[in-house]
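Source: prediction; values computed, not measured.
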Amino acid sequence: MTGDAPLSAVFPARPAVVAETHLDVGTFALRAVDPDGDAKLVHGWMNDPEVAEYWELAQPVERIAAYLREQIASAHSTPYVGCVDGTPMSYWELYRADLDPLRHHYPALPRDAGVHLLLGPSAYRGRGLGARLLRAVSDWQMRADPYARRVVAEPDVRNVRSVRAFERAGFRLVRQLDLPVKQAALMVRVRDTTTGTHGRPVPPRENPGE
């Protein structure tokens, strides 16, 4: 895989389900976004005042559908809906940070992975669930691309709850970034090359990306 390979090479054919993991709240899985079927769902989440303050996408449902189509058409970013026991509860964008405009604002490394997270229903917020999901999803990103040495994120610095969730998920606050639309906290989770992303020793001949 070359350093310029799009995210579609990492997550080929936008699979219906990327991966799943078992948590105390149920089985969590990512599935591909349906821009028509999911537009109303994501619209409701984006128009929640607590979410809108940071995502700034409190738009009509037609605009949200168009936004999802734009994400699907992207060469370096892929949108997903996160579900617990089949119930949609989060929206994700997994992307190649080194191919994203974000690369102009920090010293990007080749194949840097990036992650955006929105917890939808308020019942899923404030329970420490975001940190567990971020750890699971960033694990998947590094397993999917064995050449990715780290996962980065850039939550709004005002969103203290989000920054703390990233820290609990193993990300480190590196610096603040002056982005065109916000003051962001650059969060970085580096692959552990000695133990793998799950903290277990990696057998000498095993590819940690498999």
Side-chain angles (χ1 to χ4, degrees), residues 7 11 14-21 23-74 76-95 97 100 102 113-138 140-141 151-166 168-169 171 179-185 187:
L7 189 67
F11 296 107
R14 302 188 190 278
V17 174
V18 176
E20 62 181 29
T21 188
L23 304 173
D24 56 346
V25 296
T27 299
F28 173 75
L30 293 182
R31 65 164 175 79
V33 163
D34 174 356
D36 296 313
D38 290 325
K40 186 175 180 180
L41 174 74
V42 178
H43 165 265
W45 295 344
M46 292 293 188
N47 281 269
D48 180 324
E50 186 175 343
V51 172
E53 181 178 3
Y54 302 113
W55 277 76
E56 298 183 348
L57 279 172
Q59 302 286 336
V61 66
E62 297 80 9
R63 175 65 190 111
I64 296 301
Y67 174 81
L68 295 178
R69 291 190 186 96
E70 291 167 5
Q71 289 298 311
I72 290 172
S74 170
H76 71 276
S77 179
T78 303
Y80 295 96
V81 169
C83 304
V84 171
D85 291 338
T87 299
M89 46 71 66
S90 56
Y91 172 73
W92 300 76
E93 291 170 2
L94 308 185
Y95 63 102
D100 188 81
L102 179 64
V115 58
H116 293 144
L117 163 64
L118 180 165
L119 286 180
S122 59
Y124 290 95
R125 303 177 204 152
R127 303 166 50 185
L129 181 60
R132 283 173 282 168
L133 298 184
L134 285 166
R135 179 173 286 276
V137 170
S138 57
W140 294 341
Q141 288 177 281
V151 181
V152 305
E154 26 79 25
D156 193 305
V157 293
R158 300 172 300 156
N159 195 344
V160 176
R161 180 184 294 178
S162 179
V163 172
R164 288 175 178 168
F166 277 103
R168 290 195 298 270
F171 288 73
L179 301 183
V181 296
K182 64 182 177 182
Q183 185 81 8
M187 312 296 300

Side chains of [X] and [Y] in contact at under 4.5 Å (non-hydrogen atoms):
X      : Y      : answer
Arg158 : Glu53  : yes
Tyr95  : Leu102 : yes
Leu41  : Tyr91  : no

Open item on the list: Whether Glu50 and Arg125 form a salt bridge (side-chain N of Lys/Arg under 4.0 Å from carboxylate O of Asp/Glu) is what I want to check.
Closed with: yes
Task: Charged N-O contact under 4.0 Å between Glu20 and Arg31 - done: no
First locate atom [atom1] of [X], then atom [atom2] of [Y], and finally report the distance between them rounded to the nearest 0.5 Å.
X      : Y      : atom1 : atom2 : answer
Trp55  : Asp156 : CH2   : CG    : 12.0 Å
Leu134 : Trp92  : CG    : CH2   : 4.5 Å
Leu30  : Leu133 : CG    : CG    : 8.5 Å
Ile64  : Lys40  : CD1   : NZ    : 14.0 Å

Task: Intermediate values then yes/no, side-chain contact (heavy atoms from CB on, under 4.5 Å), Phe28 and Val137 - done: CA-CA 10 Å; Phe28 173 75; Val137 170; 3.9 Å; yes
- [ ] Apply side chain to side chain contact (heavy atoms under 4.5 Å, CB included) to Ala52 and list each qualifying residue two or more places apart in sequence or on a separate chain.
- [x] Ala58
Task: With sequence neighbours excluded, residues passing side chain to side chain contact (heavy atoms under 4.5 Å, CB included) with Asp24 - done: Arg132
I'd like to know if the side chain of [X] reaches the main chain of [Y], judged simply by a donor and an acceptor atom lying under 3.5 Å from each other, with no hydrogens or angles considered.
X     : Y     : value
Asn47 : Gln59 : yes
Asp85 : Thr27 : yes
Gln71 : Ser77 : no

- [ ] Quick one: do His116 and Glu154 satisfy side-chain hydrogen bond (donor to acceptor under 3.5 Å, both in side chains)? Show the steps, please.
- [x] CA-CA 8 Å; His116 293 144; Glu154 26 79 25; 2.5 Å; yes
- [ ] Starting from the C-alpha separation in whole Å, work towards a yes-or-no answer on side-chain contact (heavy atoms from CB on, under 4.5 Å) for Phe166 and Val115.
- [x] CA-CA 11 Å; Phe166 277 103; Val115 58; 4.1 Å; yes
Task: Heavy atoms of other groups near Arg164 CZ, more than 12 under 6.0 Å - done: no
- [ ] Check Val81 against Pro88 and note the closest heavy-atom contact, atom names and distance.
- [x] CG1-CB, 3.8 Å
TODO: Report the C-alpha distance between Met89 and Val25 in whole Å, list the side-chain angles of each, state the deciding distance to 0.1 Å, and finish with yes or no for side-chain contact (heavy atoms from CB on, under 4.5 Å).
DONE: CA-CA 12 Å; Met89 46 71 66; Val25 296; over 6 Å; no
- [ ] Please name the residue in the list Val151, Thr21, Leu94 that meets the side-chain contact (heavy atoms from CB on, under 4.5 Å) test with Trp140.
- [x] Thr21
